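Take a look at the structure below.
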Amino acid sequence: FFDRELIPWLKEMEAATDIIRRELLAVLGEGTDSGEFTPYVANPPGVPLNQWAELNHSPRWSAYHFWRHGERNDKHCAACPRTAALLDEMPLMRIARRGPNAFFSLLKSGTRIPPHTGVSNIRSTVHLPLIVPSGCGFRVGTETRVWQEGCAWVFDDTIEHEAWNDSDRPRFILIFDVWNPRLTGDEQRQFTTA
């Protein structure tokens, strides 16, 4: 987990939790949770599944994407305009066909995301808890934390991490990728144009 002092904009995002949650609830109220939330793990045939076998193409871990691999989902951004505008103000990692990534993450009850690692530490991952029943948790390396609604954190996802929902209700958080806060502006530009 990164020290909060490295991330001055985190309080701004946390202050908008109620606005973001209202837009999430509006999306869910429209009955779109099955049609607009899609499985987060969706490997094509022939790809080794390893730890993802249980969650591959499963709605138990689903996402409502605002950005996916650098492509903006205009429909979802229009449905959640305040969330989309707040994301636009964040230092999103922007690399063609890689990022940004930003989405509402749904983890259904009784679901565990297995230990895994990301591929590059030029990015950092932000979690903003929106609806978190008791019994949900998250581990990065040797540190385990319990989500608190409206209390965000940023972590290096190249460190092994996992999440779980041992409650009887779904958990929703906003996840998005930003530049590693230790990168300079020049370093970010070098990765962007590579």
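Just so we're clear, the structure is a prediction, and the values are computed from it rather than from any experiment.
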Will you find, in the side chains of Asn180 and Asn121, an N or O donor that is under 3.5 Å from an N or O acceptor?
-> no
Any side-chain heavy atom of Arg60 sitting closer than 4.5 Å to one from Asn165?
-> no
Are Glu160 and Arg139 ion-paired here, with the side-chain N under 4.0 Å from a carboxylate O?
-> yes
Start with the C-alpha gap between Phe66 and Phe104, add the side-chain angles, then the distance that decides, and say whether ring-ring contact (aromatic ring centres under 6.0 Å, His included) holds.
-> CA-CA 8 Å; Phe66 298 103; Phe104 289 140; 5.0 Å; yes
Report yes if the side chains of Pro114 and Glu162 come closer than 4.5 Å at any heavy-atom pair, otherwise no.
-> no
Just by distance, do the side chain of His161 and the backbone of Thr117 share a donor-acceptor pair under 3.5 Å?
-> no
Consider only side-chain heavy atoms of I, L, V, M, F, W and Y, link residues closer than 4.5 Å, and tell whether Ile19 and Ile175 are in one cluster.
-> no
Flag the pair Phe176 / His127 as yes when at least one side-chain heavy-atom distance between them is below 4.5 Å, and no otherwise.
-> no
Side-chain donor or acceptor of Asn73 paired with backbone N/O of Lys75 under 3.5 Å = yes
Would you please name every residue forming a salt bridge (charged side-chain N to carboxylate O under 4.0 Å, His left out) with Asp186, sequence neighbours left out?
-> Arg189
4.5 Å side-chain heavy-atom contact, His76 and Tyr64 | yes
Minimum heavy-atom distance Leu86-Glu12, with the two atoms named | CD2-OE2, 4.3 Å
Euclidean distance, Leu174 CG relative to Cys80 SG, rounded to 0.5 Å | 9.5 Å
Rounded to the nearest 0.5 Å, how far apart are CZ of Phe1 and CD1 of Ile159?
-> 11.0 Å
State, yes or no, whether a side-chain contact exists between Thr125 and Phe155 at a heavy-atom distance under 4.5 Å.
-> yes
Step by step, would you call Glu23 with Thr83 a side chain to side chain donor-acceptor pair (under 3.5 Å)?
-> CA-CA 7 Å; Glu23 290 189 336; Thr83 302; 2.7 Å; yes
Chi angles and distances behind the side chain to side chain contact (heavy atoms under 4.5 Å, CB included) call for Leu10, Val154 | CA-CA 9 Å; Leu10 202 56; Val154 183; 4.0 Å; yes
Any chance you could measure Phe37, atom CZ, to Leu106, atom CG, to the nearest 0.5 Å?
-> 6.0 Å
Should the ring pair Trp153 and Trp147 be called parallel, tilted or perpendicular, given that the plane angle runs from 0 to 90° and is split at 30 and 60?
-> parallel
Would Ser105 and Arg171 count as having a side-chain donor-acceptor pair, cut-off 3.5 Å?
-> yes
One should read off an interatomic distance between Asp157 CG and Ser124 OG, to the nearest 0.5 angstrom, of 8.0 Å
What pair of heavy atoms forms the shortest contact from Pro39 to Ala42, and how long is it?
-> O-CB, 4.2 Å
Show the numbers, then the answer: is there a side chain to side chain contact (heavy atoms under 4.5 Å, CB included) between Asn101 and Trp67?
-> CA-CA 5 Å; Asn101 291 295; Trp67 288 89; 5.5 Å; no
Could you please spell out the steps behind the side chain to side chain contact (heavy atoms under 4.5 Å, CB included) verdict for Leu24 and Ile20?
-> CA-CA 6 Å; Leu24 166 66; Ile20 297 167; 5.7 Å; no
Where does the angle between the aromatic ring planes of His65 and Phe103 fall among parallel (under 30°), tilted (30 to 60°) and perpendicular (over 60°)?
-> tilted
Mind running side chain to side chain contact (heavy atoms under 4.5 Å, CB included) on Trp164 and Ile113 for me, showing each step along the way?
-> CA-CA 6 Å; Trp164 56 91; Ile113 299 171; over 6 Å; no
Just wondering, do Asp177 and Leu92 contact through their side chains at under 4.5 Å, heavy atoms?
-> no
Should we count CZ of Arg145 as having more than 12 external heavy atoms under 6.0 Å?
-> yes
Asn43 backbone acceptor or donor facing Asn56 side chain under 3.5 Å = yes
Side-chain contact, heavy-atom cut-off 4.5 Å: Val119 with Thr158?
-> no
Going from CG on Leu87 to SG on Cys77, what distance comes out if it is rounded to the nearest 0.5 angstrom?
-> 7.5 Å
May I ask you to check whether over 12 heavy atoms, not counting those of Glu143, lie within 6.0 Å of atom CD?
-> yes
May I ask whether Val146 and Phe138 are part of the same hydrophobic cluster, defined by side-chain heavy atoms of I, L, V, M, F, W, Y residues being less than 4.5 angstrom apart, directly or through others?
-> no
Thr111 side, atom OG1; Glu54 side, atom CD - distance, nearest 0.5 Å = 8.0 Å
List the atom of Ser167, the atom of Pro133, and the distance in Å for their closest heavy-atom pair.
-> OG-CG, 3.2 Å
Using the rule that two of Ile, Leu, Val, Met, Phe, Trp, Tyr join whenever any of their side-chain heavy atoms come within less than 4.5 Å, decide whether Met90 and Leu6 are in one cluster.
-> yes
Give a yes or no on this: more than 12 heavy atoms of other residues, nucleotides or ligands lie within 6.0 Å of atom CD of Glu89.
-> yes
Sequence neighbours excluded, the answer for salt bridge (charged side-chain N to carboxylate O under 4.0 Å, His left out) partners of Arg4 is Glu14
Under 4.5 Å between any side-chain heavy atoms of Val178 and Arg123, yes or no?
-> no
